[in-house]
Amino acid sequence: MYLLMHNEYKYINHYCLIDYSWDLWFKNQQKNQKHSLSFLQKVESIEYKKLNSAKHIFTTSKFIKDYIHSFYGIAQEKITNVGTGTGIIQPLFDKKRYDFKEILFVAKGRFIDKGGDLVIEVFKKLNIIDPTIRFTILGQDNYKDNFKKISNLNVLGYISQNELQNLFNRSTLFIMPAKNEP
């Protein structure tokens, strides 16, 4: 990348951290958005130039690394998968209790992209099979209005980090069938 400063070009090294590509997003997005072919080609061209001009690319998954290599032709040596880290949730070192029967889904935003609609269908079916299973959806208070017909469903908005850690520790299973996540 070149930067014009005082009528001189100065080369600037830049790096790119990427968790998905435009092409992947477009192929997996909700199909309610329409774009012209020329728009799609322009966006792909911009992304191709961005990726090719980076000194090095860091991805959040091996899948994204392989995809960028195959779709955009970026050399494997120029791409490093660094993962996403563990975030704020700490691993549980105590023995996990499976008798609690609670399934947890977390989506602070982008409910559909994170597979929330699939989770609801699973919750409905599991509720018939075993009505003692509890379901918790964590994210936004407005989710409550959408799920009134599922018994044993707890929908939470914002909770503290300590409450979040406790919820992950006590839940039997965490589920996130993301449609468009790294």
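This is a predicted model, so every value here is computed, not measured.
- In this structure Thr80 satisfies the side-chain hydrogen bond (donor to acceptor under 3.5 Å, both in side chains) test together with His56, sequence neighbours excluded.
- Smallest separation of non-hydrogen atoms from Gly115 and Phe105: C-CZ, 4.2 Å.
- When hydrophobic clusters are built by joining Ile, Leu, Val, Met, Phe, Trp and Tyr residues whose side-chain heavy atoms come closer than 4.5 Å, directly or via intermediates, Met176 is not grouped with Leu92.
- Closest non-hydrogen pair, Val119 versus Pro177, comes out as CG2-CD, 3.5 Å.
- Put simply, CD1 on Ile112 and CG on Asp117 are 4.0 Å apart, with the number rounded to the nearest 0.5 Å.
- Applying the side chain to side chain contact (heavy atoms under 4.5 Å, CB included) criterion to Tyr98, with sequence neighbours excluded, gives Lys96, Thr172.
- Note: Leu138 CG to Leu104 CG = 6.5 Å, rounded to the nearest 0.5 Å.
- Side-chain contact between Phe111 and Ile120 is present, with heavy atoms from C-beta onward closer than 4.5 Å.
- Cluster membership for Val106 and Leu118, using ILVMFWY side-chain heavy atoms within less than 4.5 angstrom, is not shared.
- Here CZ of Arg134 is found 14.0 Å from CG of Leu126. Values are rounded to the nearest 0.5 Å.
- Judged as a salt bridge (Lys or Arg N to Asp or Glu O under 4.0 Å), and not counting sequence neighbours, the contacts of Lys101 are Asp130.
- Residue Lys78 comes nearest to Ala54 through the heavy atom pair CE-O, 2.6 Å, listed as atom of the first residue, atom of the second, then distance.
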Requested in this report: Report the C-alpha distance between Ile74 and Asn52 in whole Å, list the side-chain angles of each, state the deciding distance to 0.1 Å, and finish with yes or no for side-chain contact (heavy atoms from CB on, under 4.5 Å).
Outcome: CA-CA 7 Å; Ile74 308 291; Asn52 270 294; 3.5 Å; yes
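- Take Leu173 and apply the side chain to side chain contact (heavy atoms under 4.5 Å, CB included) test, not counting sequence neighbours, and it matches Ile103.
- Under the side-chain hydrogen bond (donor to acceptor under 3.5 Å, both in side chains) criterion, Asn169 pairs with Gln165, not counting sequence neighbours.
- Contacts classified as salt bridge (charged side-chain N to carboxylate O under 4.0 Å, His left out) and involving residues 152-174 (residues at least two apart or in different chains) are given here: Glu102-Arg170.
- Not a single ring-ring contact (aromatic ring centres under 6.0 Å, His included) links Phe100 to another residue, sequence neighbours left out.
- Other residues, nucleotides and ligands contribute over 12 non-hydrogen atoms within 6.0 Å of the CZ atom of Phe168.
- Qualifying side-chain hydrogen bond (donor to acceptor under 3.5 Å, both in side chains) partners for Asp99, counting only residues two or more places apart in sequence or in other chains: Arg97.
- Rounding to the nearest 0.5 angstrom, the gap separating the OG1 atom in Thr136 from the CG atom in Leu167 is 5.5 Å.
- Under a hydrophobic clustering in which Ile, Leu, Val, Met, Phe, Trp and Tyr are joined whenever their side-chain heavy atoms come within less than 4.5 Å, directly or via other members, Ile89 and Ile137 fall into the same cluster.
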Query raised in the report: Should Tyr72 and Lys50 be marked as a side-chain contact (heavy atoms from CB on, under 4.5 Å) after you check the CA-CA gap, both sets of side-chain angles, and the distance that decides it?
Result: CA-CA 11 Å; Tyr72 290 107; Lys50 172 187 74 173; over 6 Å; no
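- Rounded to the nearest 0.5 Å, atoms CD1 (Ile68) and CD (Gln76) are 10.5 Å apart.
- Grouping the Ile, Leu, Val, Met, Phe, Trp and Tyr side chains by contacts below 4.5 angstrom, directly or via other members, places Phe174 with Val155.
- In this view, Asn81 satisfies the side-chain hydrogen bond (donor to acceptor under 3.5 Å, both in side chains) rule with no residue, not counting sequence neighbours.
- Residues passing the ring-ring contact (aromatic ring centres under 6.0 Å, His included) test with Phe123, sequence neighbours excluded: Phe135.
- In the hydrophobic cluster analysis, where Ile, Leu, Val, Met, Phe, Trp and Tyr join through side-chain heavy atoms closer than 4.5 angstrom, Ile57 is grouped apart from Ile46.
- Residues passing the side chain to side chain contact (heavy atoms under 4.5 Å, CB included) test with Ser38 are Ser36, sequence neighbours excluded.
- For residues 63-76, the pairs satisfying salt bridge (charged side-chain N to carboxylate O under 4.0 Å, His left out) are Lys62-Asp66, with sequence neighbours left out.
- In this structure, Ser45 contributes its side chain and Gln41 its backbone to no donor-acceptor pair below 3.5 Å.
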